[in-house]
S.K.: 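The following block contains the structure, expressed as structure tokens.
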Amino acid sequence: METLHSLPSGSASHAKVALVTGAGSGIGRHSALALAEAGYGVALAGRRQDALEETAALAGTDARMLPVPTDVGDPQAVDALFAQVAEHFGRLDVLFNNAGGGAPTVPLEDLEYEQWQKVVAVNLTGTFLCTQAAFRIMKDQDPRGGRIINNGSVSAAAPRPNSAPYTATKHAITGLTKSTSLDGRKYDIACGQIDIGNTATDMTQRMNDGVPQADGSKLVEPRFDVEHVARAVVQMAELPLDTNVLFMTIMATKMPFVGRG
């Protein structure tokens, strides 16, 4: 449904267009705003329409924004999302697969099946479905091609205690990124992954009270400004399609990641 800050269908067909999932808050919101500032028309996907409309409002009245409430784990919802993007903007140049979530931090043996399944549906299946839909647009548009950026998280390389669903899906995103990068070559579709550690967002506010470590202790971990992530996403997006950042890690310098555990 077209709401705030949207142009008539097809009127922006020759401008750069990006789609950001999880755009209602945190990394997704800041990245969407940074892409809009860089001149992109931006489709905003997320579960809550009010949050998406708030993101669009923050971009200002001159921004080209299309809020589309979407459950990325639902194939029909994803198809409807990309159909609206194609109809409204006429093309898609960048997809930022950012939507994600975790399960309660309980011992692995106590995790419920439904909790596992929910994380897999959003983090992994949702990323795949959006990637597949982006391929279908990008390979047939003129000019052909585009860029897909996956939010991998530093958990794609090293787990935290009691984080099996999140860690497993983020490790899987690394494999999906590599496969997407390979399979996209023939269509001029580039794919890279940004692994983010301890960004200062509402989701990581709890770190101020200490985070469980592998040795059983709790440690207050440093965080860094989310705007640096947004600028990094734009940097990856703005590269010509013959150049690709396959993997980027951006993190708080002093967070316990190298040597975690």
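Atom set for the values below is all heavy atoms of this structure, side chains included, hydrogens, waters and symmetry mates excluded.
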S.K.: Is Asp71 salt-bridged to Arg47, cutoff N-O under 4.0 Å?
M.R.: yes

S.K.: Answer yes or no: is there a side-chain heavy-atom contact under 4.5 Å between Trp116 and Leu108?
M.R.: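 Trp116 does not reach Leu108 side chain to side chain.
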
S.K.: Would you mind reporting whether Pro104 and Gln115 have side-chain heavy atoms less than 4.5 Å apart?
M.R.: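 Counting from C-beta outward, Gln115 and Pro104 do come under 4.5 Å.
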
S.K.: Does a side-chain heavy-atom distance below 4.5 Å link Asn244 with Arg147?
M.R.: yes

S.K.: Check the pair Thr131, Thr127 against side chain to side chain contact (heavy atoms under 4.5 Å, CB included), reporting the backbone distance first and the verdict last.
M.R.: CA-CA 6 Å; Thr131 296; Thr127 298; 4.2 Å; yes

S.K.: Do you reckon Leu239 sits in the same ILVMFWY cluster as Val234, going by side-chain contacts under 4.5 Å, direct or chained?
M.R.: yes

S.K.: May I ask you to check whether Tyr40 and Glu238 show a side-chain donor-acceptor distance below 3.5 Å?
M.R.: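 Checked: Tyr40/Glu238 side chains pair up, N/O donor to acceptor below 3.5 Å.
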
S.K.: My understanding is that only one of Asp195, Thr21, Ile27, Asn97 makes a side chain to side chain contact (heavy atoms under 4.5 Å, CB included) with Asn151; could you say which?
M.R.: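 Looking at Asp195, Thr21, Ile27, Asn97, the match for Asn151 under the side chain to side chain contact (heavy atoms under 4.5 Å, CB included) is Ile27.
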
S.K.: Does CD belonging to Glu37 count more than 12 external heavy atoms closer than 6.0 Å?
M.R.: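 No - once you tally the heavy atoms of other residues, nucleotides and ligands closer than 6.0 Å, there are 12 at most.
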
S.K.: If we only count heavy atoms from C-beta on, is the Val229 to His30 side-chain gap below 4.5 Å?
M.R.: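 Heavy-atom side-chain distance check fails, nothing below 4.5 Å.
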
S.K.: Under a 4.0 Å threshold between the charged nitrogen and the carboxylate oxygen, would Asp188 count as salt-bridged to Arg144?
M.R.: yes

S.K.: Using only atom types and a distance under 3.5 Å, with no angle test, would you say the side chain of Asn150 pairs donor to acceptor with the backbone of Gly152?
M.R.: no

S.K.: Any non-hydrogen side-chain atom of Val245 less than 4.5 Å from a side-chain atom of Gln235?
M.R.: no

S.K.: Please check if Met138 and Val78 belong to a single hydrophobic cluster, counting links between Ile, Leu, Val, Met, Phe, Trp and Tyr side chain heavy atoms closer than 4.5 Å.
M.R.: yes

S.K.: Under a 4.5 Å side-chain heavy-atom rule over Ile, Leu, Val, Met, Phe, Trp and Tyr, are Phe247 and Phe257 clustered together?
M.R.: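 In one cluster: no.
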
S.K.: Which heavy atom of Ala99 sits nearest a heavy atom of Gly22, and at what distance?
M.R.: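 That closest heavy-atom pairing would be CB-N, 3.7 Å.
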
S.K.: Counting only heavy atoms from other residues, nucleotides and ligands, does the tally under 6.0 Å from NZ of Lys186 exceed 12?
M.R.: yes

S.K.: Is any side-chain heavy atom of Leu219 closer than 4.5 Å to one of Val211?
M.R.: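 No. Closest side-chain heavy atoms not under 4.5 Å.
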
S.K.: Is a side-chain donor or acceptor of Arg64 paired with a backbone partner of Gly39 at a separation under 3.5 angstrom?
M.R.: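 Yes; at least one donor-acceptor contact below 3.5 Å.
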
